[in-house]
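Numbering of residues begins at 1 and proceeds along the displayed sequence.
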Amino acid sequence: MNFQVKDTVLSFDNGVLYEAKIMKIQECGGERKYFIHYNGWARKYDLWMDEEQLADKNDPKAIERLKQAARDKLVPTGKRGKTLNPKQSH
């Protein structure tokens, strides 16, 4: 999906789904990057995102894809807050 400037999208940050507005678009290495502003947050939290990190807020399939991608990136933590290698057994 090619989003446009001023489109409202959804994005995950630290496992939480947020609504954001696309502020800028830039082509980078043949891919589009989107500069987003999280609604209700200070501008210091604005950032560049890849298209696969965003979902149209009116597209349930895109939202589910985004949620699954966020779940897949979560890695359990071990003792003392260290990140476990997913290939390690407990």
*Taking ILVMFWY side chains as joined if any heavy atoms are under 4.5 angstrom apart, and letting links pass through other members, which residues group with F35?*
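Traced through the cluster, F35 reaches M23, W48.
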*Check ring-ring contact (aromatic ring centres under 6.0 Å, His included) between W41 and all other residues, then give those that pass, not counting sequence neighbours.*
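Only Y18, Y45 meet the ring-ring contact (aromatic ring centres under 6.0 Å, His included) criterion with W41.
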*Carefully, step by step, assess L10 and I63 under the rule side chain to side chain contact (heavy atoms under 4.5 Å, CB included).*
CA-CA 8 Å; L10 297 175; I63 295 168; 3.6 Å; yes
*Locate the shortest heavy-atom distance separating A55 from A62; write the atom from each residue and the value.*
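Taking A55 first and A62 second, the nearest heavy atoms are CB-O, 3.6 Å.
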*Partners passing side-chain contact (heavy atoms from CB on, under 4.5 Å) against I25 (at least two apart in sequence or in another chain)*: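 So I25 forms a side-chain contact (heavy atoms from CB on, under 4.5 Å) with V5, I22, R32, Y34.
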*Do side-chain atoms of D59 reach the backbone of D56 as a donor and acceptor pair under 3.5 angstrom?*
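Here the side-chain-to-backbone pair does not exist.
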If the condition is salt bridge (charged side-chain N to carboxylate O under 4.0 Å, His left out), which residues does [X] pass it with, not counting sequence neighbours?
X: E64; result: R71
X: R65; result: none
X: K33; result: D50

*asked:* Show, in sequence, the C-alpha distance, side-chain angles and deciding distance for E19 and T8, and conclude whether the side chain to side chain contact (heavy atoms under 4.5 Å, CB included) test is met.
replied: CA-CA 7 Å; E19 194 170 276; T8 300; 3.3 Å; yes
*Could you pull out all residues at least two apart from N58 that satisfy side chain to side chain donor-acceptor pair (under 3.5 Å)?*
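Applying side chain to side chain donor-acceptor pair (under 3.5 Å) to N58 gives none.
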*Can you name the residues that form a side chain to side chain donor-acceptor pair (under 3.5 Å) with D46, not counting sequence neighbours?*
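By the side chain to side chain donor-acceptor pair (under 3.5 Å) rule, D46 matches H37.
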_Just verifying a value: how many Å separate L17 CG and K57 NZ, rounded to the nearest 0.5 Å?_
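Taking CG in L17 and NZ in K57, the distance rounds to 11.5 Å.
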*Rounded distance [0.5 Å steps], CE in M49 versus CG in L54*: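 One finds 5.5 Å between CE of M49 and CG of L54.
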*asked:* Measuring only between side-chain heavy atoms, which start at C-beta, is S11 closer than 4.5 Å to I36?
replied: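 Answer yes - side chains close enough.
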*asked:* side chain to side chain contact (heavy atoms under 4.5 Å, CB included), that's the test. Do F12 and K67 meet it? Break it down for me.
replied: CA-CA 8 Å; F12 268 99; K67 287 179 179 179; 3.6 Å; yes
